[in-house]
Amino acid sequence: MGALTRHEVLELKRKAIEIRKMILDMIYKAKSGHTGGSLSSVEILVTLFYKILRVKPEDPNWEDRDRFILSKGHSVEAYYAVLADKGFFPKEELETYCKYGSRLTGHPTRKVPGVEVNTGALGHGLAIGVGMALAGKMDGKDYKVYVLMGDGELDEGSVWEAAQVASHYSLDNLIGIVDRNRLQISGHTEEVLKLEPLSKRWEAFGWNVLEVDGHDFESLYKTFVSIPRETGKPHLIIANTIKGKGISFIEGRVEWHHKVPSDEEYRKAIEELEEQLKTLEEGDMV
Amino acid sequence: MKVALRKTIGERLLELAKQDEKIVVVTSDARGSAAIADFFKVFPERSIEVGIAEQTAAGVAAGLALCGKKAWVFGPACFYSARNLEQIKNDIAYSDANVKIVAVSGGVSYGPLGSTHHALHDVAVMRAIPNLKVLLPSDAVLAAAILEQLLKDEKPVYMRTGRNPVPVIYSRDEKFEVGRAITLKEGNDITIIATGEVVWRALEAAKILEKEGISARVIDMFTVKPLDEEAVFRAARETGRIVTVEEHSIFGGLGGAVAEFLSQNLPTPMKILGIPDEYPVTGTQDEVLKHYGLAPEGIAKTVLEWFKEGN
């Protein structure tokens, strides 16, 4: 339980590349989406859905499931790709993303199996997570509630309202994760509105804070499994990431917040991902 | 006899919670004003206080509901229709969470505290949110009676009450149904459709009109959404004139709802009585309502003048 095997890491890396391809496909075909933030959250989502979350894709409303809320709802492409890949709904349906009449709207909705709550307006997920964590405590259930937030999202005051309530009620079954990619739509998070010292802020709000490389599966996994139980404090994981991670010309570029790749950019991006896969397989042979 | 609605709602919910352990209550430092302090004492483990944080109150209620709880969130209407409107729209209504929002001290019931504390836009705003029922009970009996029905329904509801004691209109054995208005008084010359805590005023107005030779029907449209269209249609066809009365802006409330329906189905001469497009004068609830012609005499006067005009 403590660490991933070499084989497991390799599988997860393969999965991450696959998910990135699905994300680019969806955005390219729909001509709509949030490329940068979806790509930065891939390893977090893959670790959660493939190794951590207690969920049953065939029974998405299973009472004892862990709850996951995508509070940064604009990273929906990554979320849908992972849910489809896990079997919550057919993968072919991803083709309908953002198309007329599709249930795969450009921000998560509960029409999609596996989605717990409709999100998209920032600063909502943590309070909903607090409610879910409270319900778990009331019912004596041991499920955990995970809320993935964007770092730009932390500008919203409602996040901090909910943070206070979570620590007031000692919700140690609540795990907040910040996709700390340091970019928001208008620029660098520290230029738009300073967030640092971020971990100290969360600590001051009564949270147990952990920091991790948000693209490193071994660290992510270790962090999630080492979260102590019954600490009387909610947990906050600052996952340091790169916006647009995985595609050289998208990484760290603010304009890719919701830019749609051109034909040429799409082709190059897929090429890069295939190259990564090849390198990965070759590495495995050695 | 006069009773405050919020008081009977709190008492009735506490009784019901003894039989239904799924009922939970959330509030934002409004235990006293929402009259749920007793619930907190009897069921502390099912009572959530989030502090003065209305957005979080609505979000937390949604989270509880999405985990199978019957969540009731209480707070003043002025804040619960503005400060946390986005949470009500997205987390509760759009996400189809079983949350009942009990918005107390609506309209101008905070009186002299002024416009920050008045809720005169809430019906208009809530009515435009899909998957959200909008109810304004007119007395304490109706308010308490409707709770049981709301508990059986898993859909979100915005229920607005006032703050002050209001006359009891109904008897305890009466049956109420969401979607069905109550005809309080029959009449043939005109229909007064009212909602919320001005219903008794409309009823008094009808009595004044009776003495003046005008037979006014009075309908309690506590169910603003879903609107009882059948009752409105029948009233329009049978009486030919409609007056709506509400403790709300003249824009987008009950008057708007009735006008939207009639203009498309049976265009009927109407008057919409409410608070005009301004921040009201200082005064108690009674004084403010009287100032804007919403006391019984004022309502009756409007109707009489309309009849004198002869059109």
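Bear in mind that the values here come from a model prediction, so they are computed numbers and not experimental data. The figures here come from the full heavy-atom set of this structure, side chains too, leaving out hydrogens, waters and symmetry mates.
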Quick check on [X]: does its [atom1] atom have over 12 non-hydrogen neighbours (other residues, nucleotides or ligands) under 6.0 Å away?
{"X": "B:E154", "atom1": "CD", "value": "no"}
{"X": "B:R83", "atom1": "CZ", "value": "no"}
{"X": "A:R54", "atom1": "CZ", "value": "yes"}
{"X": "A:K111", "atom1": "NZ", "value": "no"}
{"X": "A:E93", "atom1": "CD", "value": "yes"}
{"X": "B:K70", "atom1": "NZ", "value": "yes"}
{"X": "A:K86", "atom1": "NZ", "value": "yes"}
{"X": "A:K31", "atom1": "NZ", "value": "yes"}

Verdict with supporting geometry, A:M138 and B:E45, side chain to side chain contact (heavy atoms under 4.5 Å, CB included) | CA-CA 7 Å; A:M138 283 178 193; B:E45 72 288 356; 5.8 Å; no
If you count heavy-atom pairs under 4.5 Å between each of A:T119, A:D139, A:I69, A:N61 and chain B, which one has the most?
->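 Counting heavy-atom pairs under 4.5 Å, the top option is A:D139.
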Against chain B, work out which of A:V130, A:L134, A:L126, A:V115 has the most heavy-atom pairs shorter than 4.5 Å and name it.
->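 Of A:V130, A:L134, A:L126, A:V115, A:L134 has the most heavy-atom pairs under 4.5 Å with chain B.
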Over all heavy atoms of both residues, which pair between B:S47 and A:Y169 is shortest? Give the atoms and the distance, please.
->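 Of all heavy-atom pairs spanning B:S47 and A:Y169, the closest is O-OH, 4.1 Å.
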Non-hydrogen atoms of A:S158 and B:Q87 that approach each other most closely =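 Heavy-atom minimum between the residues: CB-NE2, 4.3 Å.
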What part of A:E116 lies closer than 4.5 angstrom to a heavy atom of chain B: side chain, backbone, both or neither?
->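 Backbone of A:E116 only, per the 4.5 Å heavy-atom cut-off to chain B.
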What part of A:T109 is in contact with chain B, defined as an atom under 4.5 angstrom from a non-hydrogen atom: side chain, backbone, both or neither?
->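 A:T109 touches chain B through side-chain heavy atoms alone.
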Identify which part of [X] has an atom lying under 4.5 Å from any heavy atom of chain A, answering side chain, backbone, both or neither.
{"X": "B:D96", "result": "both"}
{"X": "B:V26", "result": "neither"}
{"X": "B:E49", "result": "both"}

Stepwise side chain to side chain contact (heavy atoms under 4.5 Å, CB included) check, A:N118 with B:N90 = CA-CA 7 Å; A:N118 300 9; B:N90 293 341; 5.8 Å; no
Side chain to side chain, A:K141 and B:C67, heavy atoms closer than 4.5 Å =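 Result no, sub-4.5 Å side-chain heavy-atom pair not found.
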Could you go through the side chain to side chain contact (heavy atoms under 4.5 Å, CB included) check for B:L66 and A:R110 one step at a time?
-> CA-CA 11 Å; B:L66 293 169; A:R110 292 180 68 214; 3.4 Å; yes
CD of A:E161 to CG of B:N84: how many Å apart, nearest 0.5 Å?
->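 The CD atom of A:E161 sits 9.5 Å away from the CG atom of B:N84.
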Distance (rounded to the nearest 0.5 Å) between A:I128 CD1 and B:T56 OG1 =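 Reported to 0.5 Å precision, the distance equals 10.5 Å.
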Heavy atoms only, distances under 4.5 angstrom: which of B:V50, B:I52, B:I48 has the most pairs with chain A? Name it, please.
->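 That would be B:I48.
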